[in-house]
Amino acid sequence: MAAHVSGRRVLLAGATGLVGREIMALLDADPEVREVIALVRRPLLPARAGTKVRGEVVDFGRLDTYADLFHVDQVFCALGTTIRAAGSEATFRRVDLEYPARLATLGSAGGASHYLLVSALGADDTSRVFYNRVKGELEEIVKGIGYRSVTIARPSLLAGDRDEFRLGEVIASKLSLLIPPRWKPVHARQVARALVNASQQDAPGTRVLENRQLRAMPS
């Protein structure tokens with residue numbers, strides 16, 4: 001049984017997104033977490049009393065200038081967009097691959113031993129599908145950095161309260177009974193809980209949590 005990391009300090013990127021918000025809440029409630037450093041593009045809402053979350057506004061294109069923030073035990077990356085929202089494949093690749101890869105490199109240099117990543121179902125660096133290929137390329141980069149532990153979640157379409165409307169996810173939710181189990185939508189809270197549980201166990205090695213495993217988590 002793996003030893004728990006006592007009073008761990010955690011860095012979270014993507015804290016304002018669907019899964020990131022759930023991760024942040026779970027980490028804030030975890031008695032073994034000392035501090036959560038949330039890297040954000042805009043200030044977080046005023047924190048409630050007693051929160052462990054410290055919002056840090058950063059320019060994700062200049063992450064190297066914030067190296068002092070990366071002296072942590074674990075790094076969670078929930079950054080992600082869509083090609084439609086990004087506006088181009090180049091911008092999508094920057095947000096979904098270049099930023100997370102740089103986070104991983106800086107985290108390792110800062111002493112983090114565990115990198116926890118929200119990827120996607122179908123991630124494959126040899127895929128002909130651009131989205132899946134980018135996700136797969138990132139996974140391979142992260143695996144090669146040298147972390148003691150790597151945990152990768154591969155959710156299907158995400159359910160939850162979004163700030164933006166995504167037609168595909170609405171349709172998938174309506175037709176969920178007809179979708180094969182492997183592809184069924186999963187709630188963002190289930191993805192977050194699976195990753196936070198993995199951070200608590202902190203077992204060495206690489207683990208990939210597929211959509212079926214994520215859907216088995218309590219919501």
Side-chain angles (χ1 to χ4, degrees), residues 11-20 23 39 41 59-64 75-108 112 114-147 149-160 162 164-173 175-176 179-188 190-192 194-195 198 205-215:
L11 183 140
L12 167 63
T16 59
L18 193 61
V19 177
I23 292 174
L39 302 187
R41 293 184 178 87
D59 177 352
F60 281 89
R62 300 174 61 245
L63 284 171
D64 288 14
V75 177
F76 283 76
C77 180
L79 288 176
T81 184
T82 63
I83 297 175
R84 180 179 178 182
S88 69
E89 289 188 348
T91 301
F92 174 83
R93 186 178 180 86
R94 183 160 59 249
V95 174
D96 277 57
L97 188 149
E98 293 176 15
Y99 293 167
R102 196 63 195 145
L103 287 164
T105 299
L106 291 168
S108 178
H114 197 165
Y115 193 83
L116 301 104
L117 173 67
V118 180
S119 183
L121 179 66
D124 180 351
D125 64 339
T126 66
S127 175
R128 294 184 179 182
V129 178
F130 175 76
Y131 179 90
N132 291 351
R133 186 168 67 251
V134 169
K135 293 293 188 181
E137 287 176 8
L138 173 60
E139 289 187 8
E140 293 307 310
I141 290 170
V142 169
K143 291 175 187 176
I145 287 176
Y147 278 90
S149 305
V150 172
T151 301
I152 297 168
R154 290 180 179 167
S156 182
L157 295 172
L158 293 166
R162 284 194 181 277
E164 60 181 297
F165 178 76
R166 294 189 182 180
L167 179 60
E169 291 175 2
V170 173
I171 294 173
S173 178
L175 300 178
S176 61
I179 299 174
R182 180 172 183 263
W183 296 91
K184 284 184 181 292
V186 58
H187 199 282
Q190 293 175 296
V191 180
L195 287 171
T206 297
R207 287 159 307 286
V208 177
L209 305 173
E210 297 290 358
N211 194 59
R212 188 186 295 269
Q213 295 168 272
L214 300 174
R215 282 176 46 80

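Only this structure's heavy atoms are used, side chains among them; waters, hydrogens and symmetry mates stay out.
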Which pair of heavy atoms, one from [X] and one from [Y], lies closest together, and at what distance?
{"X": "Leu138", "Y": "Ala101", "result": "CD1-N, 3.7 Å"}
{"X": "Ala159", "Y": "Leu18", "result": "O-CD2, 3.9 Å"}
{"X": "Leu158", "Y": "Ala188", "result": "CD2-CA, 4.4 Å"}
{"X": "Val95", "Y": "Pro100", "result": "O-CD, 3.1 Å"}
{"X": "Ala104", "Y": "Val142", "result": "CB-CG2, 4.2 Å"}
{"X": "Ser156", "Y": "Asn211", "result": "N-OD1, 2.8 Å"}

Once you round to the nearest 0.5 Å, how far does [atom1] of [X] lie from [atom2] of [Y]?
{"X": "Leu214", "Y": "Lys184", "atom1": "CG", "atom2": "NZ", "answer": "15.0 Å"}
{"X": "His187", "Y": "Leu157", "atom1": "NE2", "atom2": "CG", "answer": "13.5 Å"}
{"X": "Glu139", "Y": "Ile152", "atom1": "CD", "atom2": "CD1", "answer": "4.0 Å"}
{"X": "Arg102", "Y": "Leu63", "atom1": "CZ", "atom2": "CG", "answer": "8.0 Å"}

Side-chain heavy-atom pair [X], [Y] within 4.5 angstrom cut-off:
{"X": "Leu117", "Y": "Val150", "answer": "no"}
{"X": "Phe60", "Y": "Leu39", "answer": "yes"}
{"X": "Leu103", "Y": "Leu79", "answer": "yes"}
{"X": "Tyr115", "Y": "Ile145", "answer": "no"}

Run the side-chain donor-acceptor check on residues 127-136: report pairs under 3.5 Å with partners two or more places apart or on a different chain.
{"residue": "Ser127", "atom": "OG", "partner": "Val129", "partner atom": "N", "Å": "3.0"}
{"residue": "Arg133", "atom": "NH1", "partner": "Ser127", "partner atom": "O", "Å": "3.1"}
{"residue": "Lys135", "atom": "NZ", "partner": "Asp96", "partner atom": "OD2", "Å": "2.6"}

With sequence neighbours excluded, what pairs up with [X] under the side chain to side chain donor-acceptor pair (under 3.5 Å) test?
{"X": "Glu98", "answer": "none"}
{"X": "Glu210", "answer": "Arg154"}
{"X": "Gln213", "answer": "none"}

I'd like to check the side-chain contact (heavy atoms from CB on, under 4.5 Å) partners of [X]; sequence neighbours left out, ordered by chain and number.
{"X": "Ala192", "result": "Val19, Glu22, Ile23, Leu26"}
{"X": "Thr126", "result": "Asp124"}
{"X": "Arg207", "result": "His114, Ser149, Thr151, Ala203"}

Within the side chain of Tyr147, is there an N or O that forms a donor-acceptor pair under 3.5 Å with the backbone of Ala112? no

